[in-house]
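Predicted model only: the values in this text are computed from it and were never measured. For reference, positions follow the sequence shown, starting with 1.
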Amino acid sequence: MVPKQPSQNASSSNWLQTAMNKIEAASVYLAYRVVWLMMAVLNPGHTFSEIKDGNMEYEQQVDAVNVCDADDPQFALDEARRYMEQEEQRRMVIDDKSKVMLTVAAILFAANAAVLSRLSVWWFGLVPLGSLFMSVYLTLMYFRTYTLQVIDYSKITWTDTKDTKQEIAQQEFNCVAGMESQNSLRIGVHKASRRALILALGSTFIVVCIQMIQPQPKDALVNRIETDAEVRELLRGPAGLAGPQGEVGPTGPTGPQGSRGTQGEPGVSSVVHKQNYESSD
């Protein structure tokens, strides 16, 4: 029986899948590099290498705990679980704040992008727009900064109850240490995003004030229409034909009688006639 040869379509699909995986890995690497750079700028006091390694201890970290020699393994187990719940609640609080901040930043980003073309000096709007982009980008990357901490039950000895509790408590304390480190890094991302949002709000306020104070330039078309008589005449167009004469309106009411005028001088013709009459006598 002749073995079935792989089809050309299968080999092409494998090549495409490999290429996509490489592109995705390179994109993720570049994306995190940008995040580390933004965090180094917006989180003074932490170096780029510290941020890259995830060593951003904003709060007191729990030191390494060794419960192998604990007298009461149940107490150690309860404490480990209490710490795990505490760190989980801490993460959820940061998540809720980041969701609200992401919504606000996204709305402001869309609003600034819409009014950018209306600014008299458009590049003024790039400052708040760039800050908002940083805030949205950091918040989106924040939700990728999480690694699930699990207990490896295959390494637990189940022969003795005390030893089992001690080993589980030890692994849970190790998980707590990992959760604390991740939460500290996530707090750093959240703080950098919040500072970028505050910078965007401040720069937006400044741009709005400058836009209100600065005199608005007149539109070139409007300016030409106002200054060019030929353009106005062209837009006005030729005069239309005279319309038909309308009907005679009704006679208005008789006005009030005027005052009597001054008496005029005697006429010349009557004087001449009197003189002629006397001479004939």
* **Donor-acceptor contact below 3.5 Å, side chain T164 vs main chain T157** => yes
* Nearest heavy-atom neighbours spanning V136 and A105 -> CG2-CB, 3.7 Å
* Should the pair Y83 and F173 be assigned to parallel (<30°), tilted (30 to 60°) or perpendicular (>60°) ring geometry? -> tilted
* Are V189 and I94 co-members of a hydrophobic cluster defined by side-chain heavy atoms under 4.5 Å apart? -> yes
* Does V34 share a hydrophobic cluster with V41, counting links as ILVMFWY side-chain heavy atoms below 4.5 Å and allowing steps through other members? -> no
* To do: Mark yes when over 12 heavy atoms from residues, nucleotides or ligands other than F143 sit less than 6.0 Å from its CZ; otherwise mark no.
  => yes
* **Closest non-hydrogen atom pair, T204 against A200** => OG1-O, 2.6 Å
* Asked: What's the spacing between D96 CG and R91 CZ if we round to 0.5 Å?
  -> 9.5 Å
* Please name the pair of heavy atoms, one in L132 and one in L197, separated by the smallest distance, quoted to 0.1 Å. => CD2-CD1, 3.8 Å
* Test log, rule salt bridge (charged side-chain N to carboxylate O under 4.0 Å, His left out), inputs R82 and D78 -> CA-CA 6 Å; R82 186 177 67 83; D78 294 340; over 6 Å; no
* Asked: In Å, rounded to the nearest 0.5 Å, how long is the span from OG of S203 to CG of N112?
  -> 7.5 Å
* To do: Quick one: closest heavy-atom pair of R194 and M101, and the distance?
  => CA-SD, 3.4 Å
* Determine, step by step, whether Q89 and V93 satisfy the side chain to side chain contact (heavy atoms under 4.5 Å, CB included) criterion, reporting the C-alpha distance in whole Å, the side-chain angles of both residues, the deciding distance to 0.1 Å, and the verdict. => CA-CA 6 Å; Q89 291 176 359; V93 170; 5.5 Å; no
* Are the side chains of M84 and E172 in touch, meaning some heavy atoms are under 4.5 Å apart? -> yes
* Go through the steps to decide whether V176 and Q86 satisfy the test side chain to side chain contact (heavy atoms under 4.5 Å, CB included), and finish with yes or no. => CA-CA 9 Å; V176 169; Q86 179 179 335; over 6 Å; no
* Where do Y137 and V35 come nearest, in terms of heavy atoms and distance? -> CE2-CG2, 3.5 Å
* **Distance, nearest 0.5 Å, that separates CE of M134 from CZ of R195** => 11.5 Å
* Heavy-atom check, side chain of S135 versus side chain of M38, under 4.5 Å -> no
* Asked: Would you say F75 and I168 are hydrophobically clustered, going by side-chain heavy atoms of ILVMFWY under 4.5 Å?
  -> no
* Asked: What is the distance from atom CD1 of I156 to atom CD of E167, rounded to the nearest 0.5 Å?
  -> 5.0 Å
* Asked: Of the non-hydrogen atoms in L42 and A196, which two are nearest, and what is the gap between them?
  -> CD1-CB, 3.9 Å
* Asked: Would R186 and H190 satisfy side chain to side chain contact (heavy atoms under 4.5 Å, CB included), going step by step from the backbone distance to the final call?
  -> CA-CA 6 Å; R186 290 161 70 86; H190 175 80; over 6 Å; no
* State, yes or no, whether a side-chain contact exists between M39 and L185 at a heavy-atom distance under 4.5 Å. => yes
* Could you walk me through whether D152 and Q171 pass the side chain to side chain donor-acceptor pair (under 3.5 Å) check? -> CA-CA 8 Å; D152 189 0; Q171 288 204 33; 5.9 Å; no
* **Working for side chain to side chain contact (heavy atoms under 4.5 Å, CB included), residues I23 and S27** => CA-CA 6 Å; I23 294 174; S27 301; 4.1 Å; yes
* To do: Would you give the length of the straight line joining atom NZ of K97 to atom OG1 of T139, rounded to the nearest 0.5 angstrom?
  => 13.5 Å
* To do: Measure up the W36 and Y32 rings against each other and bin them: parallel (under 30°), tilted (30 to 60°), perpendicular (over 60°).
  => tilted
* Given the rule that I, L, V, M, F, W and Y join up when any side-chain heavy atoms are under 4.5 Å apart, are F205 and L126 in one cluster? -> no
* Asked: Quick one: CD1 on I198 to NZ on K191, what's the gap to the nearest 0.5 Å?
  -> 11.5 Å
* Establish whether L199 and F133 are linked, either directly or via other cluster members, by ILVMFWY side-chain heavy-atom contacts under 4.5 Å. => no
